[in-house]
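Sequence lines set the chain letters: A, B, ... in the order given, protein chains first and strands last, and positions in each chain run from 1. Predicted model only: the values in this text are computed from it and were never measured.
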Number of protein chains: 2
Amino acid sequence: MVDKDGFTIAEAVARCGLPESTLRYWERIGLVRPIERDESSRHRRYSHDDVATLETLANLRAVGLSIEDMRTYLAGARRGDEAAGEQRVLFEVHARRLADELNALELRRRYLDLKVQYWSAREVGDLDKAADVAEELGPLIRRINPKDTV
Amino acid sequence: MVDKDGFTIAEAVARCGLPESTLRYWERIGLVRPIERDESSRHRRYSHDDVATLETLANLRAVGLSIEDMRTYLAGARRGDEAAGEQRVLFEVHARRLADELNALELRRRYLDLKVQYWSAREVGDLDKAADVAEELGPLIRRINPKDTV
DNA sequence: TCAAGAACCTGAACCGCTTCAGGTCAAGCT
DNA sequence: AGCTTGACCTGAAGCGGTTCAGGTTCTTGA
């Protein structure tokens with residue numbers, strides 16, 4: 001703890017919650033600008049600013065933005081109010097996508113619950129119940145995977 | 001429509017809803033057994049059984065099973081009642097995982113909604129509202145990404 | 001019957017990372 | 001000074017597919 005003029009990669013990881021490998025990868029592909037290096041060791045030294053960016057990107061990734069969308073967002077954030085409309089649209093699109101995913105996920109959870117019940121019934125040899133559950137599965141499957149017509 | 005002793009890959013796709021590329025990929029890695037070929041053209045001909053397996057796998061993939069889990073499942077399904085306990089556990093694990101994902105997704109949706117509100121406020125120059133929304137974002141971010149301490 | 005276009009084929013490259021192998025560097029113990 | 005341990009480095013390969021390039025084969029309609 002001598003100079004303290006930058007965070008090590010481990011410290012950056014502790015702050016943004018992303019794996020080291022991802023930090024290196026994002027730098028490699030130019031999503032974040034090249035990180036300064038310690039003169040002697042050539043190890044990365046993250047600035048406060050770098051870490052703030054990573055924190056934001058971590059959230060954006062968590063909600064499902066693609067690399068390209070994150071690039072777009074960063075560019076828009078740099079332009080400020082001028083790009084506010086585009087930023088709003090970007091987030092609206094993803095909010096919408098997430099709402100859809102939420103519905104799909106709820107169905108899938110029900111499907112898995114039924115699968116548990118089905119194999120549970122077979123486990124204890126209750127074939128009547130197994131048949132009942134299998135019948136419940138049919139209509140659900142069609143809603144999960146509409147192409148599945150069986 | 002001469003012989004009708006098997007489905008073409010396009011027909012299989014229509015039934016299971018998976019992309020062609022995935023069908024070829026799963027065959028390549030041995031998740032599904034090698035599909036019979038038409039003698040003259042070498043094109044794949046899927047049996048009824050093949051298609052039924054693909055339909056099931058499509059559902060399992062949709063709910064998030066890994067390739068390895070799907071292999072395990074197929075092996076268990078072949079063993080029948082004897083493996084019922086293992087199958088139940090497999091599905092319980094995934095049902096649990098999905099329930100957790102559902103909670104996380106709900107939080108993320110709220111995060112995106114706030115992001116929309118934030119940029120919407122900036123778009124119309126309502127800085128007070130933008131600041132209010134930004135303040136609401138803080139605690140939410142900590143719940144989405146606990147490592148994010150800013 | 002022959003040419004065009006659709007459907008299919010394979011192998012390789014790409015995506016967004018993660019993992020692994022093999023090597024460098026800094027700090028602490030002996 | 002030498003040695004170990006741990007953090008860090010790079011480049012390459014792996015994962016689960018998807019996409020693309022380049023080449024057959026099937027179908028169809030003029």
Check whether any side-chain nitrogen or oxygen of [X] sits under 4.0 Å from OP1 or OP2 of [N], and answer yes or no.
{"X": "B/R44", "N": "C/dC9", "answer": "yes"}
{"X": "B/R37", "N": "D/dT24", "answer": "no"}
{"X": "B/S41", "N": "D/dC26", "answer": "yes"}
{"X": "A/R28", "N": "D/dT10", "answer": "no"}
{"X": "B/R24", "N": "C/dC9", "answer": "yes"}
{"X": "A/T22", "N": "C/dT18", "answer": "yes"}

Could you tell me the separation between the [atom1] atom of [X] and the [atom2] atom of [N], rounded to a whole number of Å?
{"X": "A/L65", "N": "C/dC17", "atom1": "CG", "atom2": "P", "value": "11 Å"}
{"X": "B/I9", "N": "D/dC26", "atom1": "CD1", "atom2": "P", "value": "16 Å"}
{"X": "A/R42", "N": "C/dC25", "atom1": "CZ", "atom2": "P", "value": "11 Å"}
{"X": "A/Y25", "N": "D/dG14", "atom1": "OH", "atom2": "P", "value": "18 Å"}
{"X": "B/E27", "N": "C/dG11", "atom1": "CD", "atom2": "P", "value": "12 Å"}
{"X": "B/D38", "N": "D/dC26", "atom1": "CG", "atom2": "P", "value": "7 Å"}
{"X": "A/E68", "N": "C/dG16", "atom1": "CD", "atom2": "P", "value": "7 Å"}

Inset, instruction - May I ask you to check whether over 12 heavy atoms, not counting those of A/R79, lie within 6.0 Å of atom CZ? - result: yes
Legend entry - Check: A/V133 main-chain N/O paired with A/Q117 side-chain donor or acceptor under 3.5 Å: no
Legend entry - B/R45/B/D50 salt bridge by N-O under 4.0 Å criterion: no
Legend entry - SB check A/R97 A/E101 (cutoff 4.0 Å): yes
Tell me what [X] touches on the nucleic acid: a base, only sugar-phosphate, or nothing, going by heavy atoms under 4.0 Å.
{"X": "B/R61", "answer": "sugar-phosphate"}
{"X": "A/S21", "answer": "base"}
{"X": "B/S66", "answer": "nothing"}

Legend entry - Sub-4.5 Å side-chain heavy-atom contact between A/L54 and A/W26: yes
Between [options], which nucleotide gets closest to the side-chain atoms of [X]?
{"X": "A/I67", "options": "C/dG16, C/dC9, D/dC9", "answer": "C/dG16"}
{"X": "B/S40", "options": "C/dT18, D/dC26, D/dG17", "answer": "D/dC26"}
{"X": "A/A10", "options": "D/dG17, D/dC9, D/dA7", "answer": "D/dA7"}

Inset, instruction - Would you kindly compare A/W26 and A/H43 by the position of their nearest DNA chain C nucleotide and give the one closer to the 5′ end? - result: A/W26
